[in-house]
Enquirer: 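Here it is: the structure, laid out below.
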Amino acid sequence: MQNMKKLNDIKAIESLVAGELYLFSTIGEQSRQQNTLLGVFCDVVDDTIYLESSTHDYCNYSLWHPLPIEYCRFRIATRSELRDYMYALGTWELNEKLS
């Protein structure tokens with residue numbers, strides 16, 4: 001993975017920008033999809049990173065939650081990841097409202 005930063009680095013955490021999409025990963029990456037999480041950063045409160053929304057698979061989303069502790073590396077999402085994420089999130093939200 002390209003230029004992953006460690007979440008135990010204060011400067012790296014301070015570089016997170018609210019509203020930006022990031023790809024978070026675990027240390028022991030055997031399968032990229034199983035061990036990555038795309039999430040929109042919201043804030044850091046009491047040393048806990050909070051996400052507005054996140055997904056592992058572009059099909060199921062979680063809203064307004066802390067980043068699970070096993071994720072310890074991150075990078076900003078590519079433009080194509082951002083495009084796919086926003087399209088899939090909008091589709092998911094529409095389906096949630098209709099059901």
Enquirer: So, for Leu21 and Leu82, which heavy atoms are closest and what is the spacing to 0.1 Å?
Expert: CD2-CA, 3.6 Å
Enquirer: Clusters formed by hydrophobic residues whose side-chain heavy atoms approach within less than 4.5 Å: which one holds Tyr50, and what are its other members?
Expert: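 Val45, which link up through side-chain heavy atoms under 4.5 Å apart, make up the rest of the cluster.
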Enquirer: Please test Val44 against Ile49 for side-chain contact (heavy atoms from CB on, under 4.5 Å), starting from the C-alpha separation and ending with a verdict.
Expert: CA-CA 4 Å; Val44 177; Ile49 295 171; 4.1 Å; yes
Enquirer: Rounded to the nearest 0.5 Å, what's the gap from CG on Asp43 to CG on Leu16? Could you check?
Expert: 10.5 Å
Enquirer: Apply ring-ring contact (aromatic ring centres under 6.0 Å, His included) to Phe41 and list each qualifying residue two or more places apart in sequence or on a separate chain.
Expert: none
Enquirer: Mind listing the closest non-hydrogen atom pair of Leu38 and Ala77 along with its distance?
Expert: CD2-CB, 4.4 Å
Enquirer: To the nearest 0.5 Å, tell me how far Lys11 NZ sits from Lys6 NZ.
Expert: 16.0 Å
Enquirer: Identify, with sequence neighbours excluded, every residue that meets side chain to side chain donor-acceptor pair (under 3.5 Å) alongside Tyr85.
Expert: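 Residues passing side chain to side chain donor-acceptor pair (under 3.5 Å) with Tyr85: Ser53.
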Enquirer: Would you say that Phe24 contacts Arg73 through its side chain, given a criterion of any heavy-atom pair below 4.5 Å between the two side chains?
Expert: no
Enquirer: Should Phe74 and Leu37 be marked as a side-chain contact (heavy atoms from CB on, under 4.5 Å) after you check the CA-CA gap, both sets of side-chain angles, and the distance that decides it?
Expert: CA-CA 9 Å; Phe74 73 98; Leu37 176 75; over 6 Å; no
Enquirer: Within this structure, what is the CG-SG distance for the pair Leu67 and Cys72, rounded to the nearest 0.5 Å?
Expert: 9.5 Å
Enquirer: Could you measure the distance from the CH2 atom of Trp64 to the CD atom of Glu52? Nearest 0.5 Å is fine.
Expert: 4.0 Å
Enquirer: Give me the atom names and distance for the closest heavy-atom approach of Cys42 to Ala18.
Expert: O-CB, 3.5 Å
Enquirer: Once the angle between the rings of His56 and Tyr71 is folded into 0 to 90°, is it parallel (under 30°), tilted (30 to 60°) or perpendicular (over 60°)?
Expert: tilted
Enquirer: Identify all side-chain donor-acceptor contacts of residues 88-98 below 3.5 Å with residues at least two apart in sequence or on another chain.
Expert:
from  : atom 1 : to    : atom 2 : distance (Å)
Thr91 : OG1    : Tyr87 : O      : 3.0
Asn95 : ND2    : Thr91 : O      : 3.4

Enquirer: Can you list the residues that meet the side chain to side chain donor-acceptor pair (under 3.5 Å) rule with Thr48, with sequence neighbours excluded?
Expert: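 With neighbours one apart ignored, the set is empty.
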Enquirer: So how far is it from Leu23 CG to Ile76 CD1, rounded to the nearest 0.5 Å?
Expert: 11.0 Å
Enquirer: Going through the distances and angles, do Asn35 and Ser25 end up as a side-chain contact (heavy atoms from CB on, under 4.5 Å)?
Expert: CA-CA 6 Å; Asn35 295 309; Ser25 72; 5.7 Å; no
Enquirer: Could I get the full list of side chain to side chain contact (heavy atoms under 4.5 Å, CB included) partners for Asp47, not counting sequence neighbours?
Expert: none
